[in-house]
Amino acid sequence: QVQLVESGGGLAQTGGSLRLACTASGRSFGNSAMGWFRHGSREEREFVATITASGQFTYYRPSVEGRFTISRDNALNTMYLQMNSLKPEDTAIYYCAARETSEYASSFYRDYTYWGQGTQVTVAS
């Protein structure tokens, strides 16, 4: 079965860094766009970042652009989110997501088929 598993979450201080990883199994996602979403105090999942299948193009939520970097290693079937200059408002459960077959990046959670269970990120003020 297809699984996406997030790791790397934890507690950080304001201004600190964390690196999240999402490892997929069950099939290759080398031809599928992937993304990161988060759920904090808001009712709905919030778009964080997305990356095309090849990794050539990336897109970010404005509030994280310049602080977060999304990347992927298709040989490892893994996607990453490097989070620097963390702020308390970054506190959330972070979810990894993958599209079914489309190579195109998307900021809409409904475009994604596969989801991980999430990893908690807490930023202390």
- [ ] Count the heavy atoms of every other residue, nucleotide or ligand shown that sit under 6.0 Å from CG of Asn31, and state whether that count exceeds 12.
- [x] no

With sequence neighbours excluded, residues passing side chain to side chain donor-acceptor pair (under 3.5 Å) with [X]:
X: Thr101; value: none
X: Ser102; value: Arg99
X: Gln82; value: Arg19, Asn84

Task: Any pair counted as side chain to side chain donor-acceptor pair (under 3.5 Å), so long as it reaches residues 51-64, sequence neighbours left out - done: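 Checked against side chain to side chain donor-acceptor pair (under 3.5 Å) - neighbours excluded - the pairs reaching residues 51-64 are Glu46-Arg61.
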
Task: Residue pairs, two or more places apart or on separate chains, that pass side chain to side chain donor-acceptor pair (under 3.5 Å) and touch residues 88-97 - done: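 Residue pairs with at least one partner in residues 88-97: Arg38-Asp90, Arg38-Tyr94, Arg67-Asp90.
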
Open item on the list: Does any part of the side chain of Met79, heavy atoms only, come nearer than 4.5 Å to the side chain of Ile51, both counted from C-beta?
Closed with: yes

- [ ] Taking the side chain as every heavy atom from C-beta outward, state whether Val121 and Ile93 have any atom pair closer than 4.5 Å.
- [x] no

Open item on the list: Can you list everything that forms a ring-ring contact (aromatic ring centres under 6.0 Å, His included) with Tyr114? Sequence neighbours excluded, please.
Closed with: Phe29

Task: is_close_aromatic(Trp115, Phe37), centroid dist under 6.0 Å - done: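 Ring-ring flag for Trp115/Phe37: true, centres closer than 6.0 Å.
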
TODO: State which residues pass side-chain contact (heavy atoms from CB on, under 4.5 Å) with Ser125; sequence neighbours excluded, sorted by chain then number.
DONE: Thr14, Pro88

TODO: Treating Ile, Leu, Val, Met, Phe, Trp and Tyr as nodes and any side-chain heavy-atom pair under 4.5 angstrom as an edge, say whether Ile70 and Tyr112 lie in one connected cluster.
DONE: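 No, no single cluster joins them.
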
Open item on the list: If hydrophobic clusters are built from ILVMFWY residues whose side chains come within less than 4.5 Å, do Phe47 and Met83 share one?
Closed with: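 No, Phe47 does not connect to Met83 through the hydrophobic network.
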
Open item on the list: Applying salt bridge (charged side-chain N to carboxylate O under 4.0 Å, His left out) as the test, list every pair that has at least one member in residues 25-35; sequence neighbours left out.
Closed with: Arg27-Glu100

Open item on the list: Side-chain heavy atoms under 4.5 Å apart, restricted to Ile/Leu/Val/Met/Phe/Trp/Tyr: what other residues fall into the cluster of Tyr80, or is it alone?
Closed with: Leu76

Task: Under 4.5 Å side-chain linkage, directly or through intermediates, the cluster mates of Tyr104 - done: none

TODO: Just grab all the disulfide (SG to SG under 2.5 Å) pairs involving residues 63-125, residues at least two apart or on different chains.
DONE: Cys22-Cys96

Open item on the list: Measuring from atom OG1 of Thr23 to atom CG of Leu4, what distance do you get when rounded to the nearest 0.5 angstrom?
Closed with: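 Thr23 atom OG1 to Leu4 atom CG measures 9.0 Å (nearest 0.5 Å).
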
Task: Distance, nearest 0.5 Å, that separates CG of Leu81 from CZ of Arg72 - done: 13.5 Å

